Amino acid sequence: MRIKVDNFNLEATLESGQVFGFRRNGEDGFFGVIGKTPVNLCQRGSALVISSPPDGGREISDIIRYFDLDRDLTPVYKILQEDPRLAKCYDVFKGLRLIRQDPWEALACFILSSNNNVKRIQGIWRNLSKNLGERVTDGDFSFPQARQIAGVHERTLRELGLGYRAPFLLHTACFVAANPSYLEAVHEAPYEGAKSRVLAFPGIGEKVADCVLLYGFQKYEAFPVDVWILRAMRKLYFRSRKVSEGKIHAFAQKRWGAHAGYVQQYLFHGARTGIISAQGEEK
DNA sequence: CCCCAGGTTCTGG
DNA sequence: CCAGAACATGGG
């Protein structure tokens, strides 16, 4: 199947650290599992080519929704272009979009992300999927539901590489499995209320909560401040002073409002790939 | 043996 | 409210 896409950058979208279940497949392709459907993706200019192995395929509307392709990025582009500190990110990553992830997967994965690196998070994603998920192709699995994780012992999660995060994920999985409507309530609630509900889980603080709200619940006011964003923001907007994460979060929300989350994604990818030099902060 | 990785929690001031 | 340390694990 083939979808005409406008203002879309598949590579930047999948490699900007918002989702952990995709891997490169060939020169310009990617393989991943959306829900329980395995998909091969590759972009040829304005064409997004999608193939699902035995053609148990996804509807086009599902793909459009997943990659947020029905969003008008004009207001985001306007912000990026009009700020010289962000223009480079626009030039290089134009078409980067925020994925609408499964809420549970986003919640679980970003519990695993704390004090961790992307490569290892991807490895844990694979371990969890292979051991607790469902087989969707010969060697590929879907990310396990809360129920599946809730059914194992903490020691099992440690063996899969979760380290000290094992009890955090286990507790959260048990709660979600026992309270299926909780995540729906997060969806319904506005940003602040949703955030307090997400913060209630163990192992989730300000930063992870914002990631979960942004990637799993489409709360676009969310502005996760991690080490990369902290360095970049200090450098670009605070002359490398020791401004706190909280101050930066408030600054971003006031400056970019409902588009803060999108701006953050461009900034994060720019900082991590070295497009914008995030160096130069003196501790 | 050090530091770092999309931090959070706990502790003592 | 703020600064420091501990926390598993793997890589540089």
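We name chains A, B, ... by the order of the sequence lines, and we start the count at 1 in each one. Bear in mind the structure is a predicted one, so any value in this text is a computation, not a measurement.
Side-chain N or O atoms of A:Asn116 include one that pairs as donor or acceptor with a backbone N or O of A:Leu112 at under 3.5 Å. At distances below 3.5 Å, at least one donor-acceptor pair connects side-chain atoms of A:Arg85 with backbone N or O atoms of A:Leu236. Within the 3.5 Å criterion, the main-chain N or O of A:Val176 finds no donor-acceptor partner in the side chain of A:Trp104. Judged purely by atom type and a 3.5 angstrom limit, A:Asn179 has no side-chain atom pairing as donor or acceptor with the backbone of A:Tyr182.
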Protein heavy-atom contacts under 4.0 Å, written 5' to 3' over nucleotides 5-12 of chain C as B (base), S (sugar-phosphate only) or - (none), form the string --BBBB--
**Prompt:** For A:Arg71 and A:Tyr220, what are the C-alpha separation, side-chain angles and deciding distance, and is it a side-chain hydrogen bond (donor to acceptor under 3.5 Å, both in side chains)?
**Reply:** CA-CA 12 Å; A:Arg71 178 172 308 279; A:Tyr220 295 108; 3.1 Å; yes
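A heavy-atom distance below 4.5 Å is not found between the side chains of A:Phe143 and A:Val33. Counting heavy atoms from C-beta outward, A:Val39 and A:Phe30 have side chains that stay 4.5 Å or more apart. Side-chain contact check for A:Ile63 versus A:Phe67: some heavy-atom pair is nearer than 4.5 Å.
In this pair, A:His269 and A:Phe93 present their aromatic rings tilted. The plane angle is within the 30 to 60° band. Ring orientation note: the planes of A:Tyr90 and A:Tyr77 are nearly perpendicular, at an angle over 60° on the 30°/60° scale.
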Kindly list each side-chain donor-acceptor pair under 3.5 angstrom involving residues 188-200 of chain A, sequence neighbours excluded, with atom names and distances?
unit_1, atom_1, unit_2, atom_2, d
A:Tyr191, OH, A:Lys195, NZ, 3.1
A:Tyr191, OH, A:Asp210, OD1, 2.7
A:Tyr191, OH, A:His249, NE2, 3.2
A:Lys195, NZ, A:Glu206, OE1, 2.8
A:Lys195, NZ, A:Asp210, OD1, 3.4
A:Lys195, NZ, A:Asp210, OD2, 3.2
A:Ser196, OG, A:Gly193, O, 2.8

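Following rounding to the nearest Å, A:Leu169 (CG) and B:dT8 (P) show an atom-to-atom distance of 15 Å. Nucleotide B:dG7 holds its P atom 11 Å from the CD1 atom of A:Ile229, rounded to whole Å. Put simply, NZ on A:Lys119 is 15 Å from C1' on B:dG6, counting in whole angstrom units. Look at NE2 on A:His249: it is 15 Å from P on B:dG7, rounded to the nearest Å. C:dC1 atom C1' lies 14 Å from atom CD of A:Glu245, rounded to whole Å. The CZ atom of A:Arg272 sits 17 Å away from the P atom of B:dC4 (whole-angstrom rounding). Across the protein-nucleic acid pair, A:Leu112 atom CG and B:dG6 atom P stand 13 Å apart, rounded to whole Å.
Annotated stems with DNA chain B as a participant read B:2-5 with C:9-12, B:7-13 with C:1-7, given as range with range, by first number; only runs of 3 or more Watson-Crick or G-U pairs under 3.5 Å qualify.
Between the P atoms of C:dA3 and B:dG6, the separation comes to 24 Å (whole Å). When the P atom is used for both B:dT11 and C:dA8, the distance is 14 Å, rounded to whole Å. Separating the P atom of C:dA6 from that of B:dC1 is a span of 16 Å, rounded to the nearest Å.
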Using a cut-off of under 3.5 Å, enumerate the N/O to N/O pairs linking the protein to nucleotides 9-13 of chain B.
unit_1, atom_1, unit_2, atom_2, d
B:dT9, OP1, A:Gly203, N, 3.0

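Within a heavy-atom distance below 4.0 Å of DNA chain B, the residues of residues 9-21 of chain A found are A:Ser16, A:Gly17, A:Gln18.
Salt bridge status for A:Asp140 with A:Arg126: present, with a side-chain N to carboxylate O gap under 4.0 Å.
When the side chain to side chain donor-acceptor pair (under 3.5 Å) test is applied to A:Asn25, the partners found at least two apart in sequence or on another chain are A:Asn40.
Both A:Trp256 and A:Tyr215 are members of a single hydrophobic cluster when ILVMFWY side chains are connected at heavy-atom separations under 4.5 Å.
Where stacking is scored as ring centres under 5.5 Å apart with planes under 30°, A:Trp228 does not register as stacked on the base of B:dG6.
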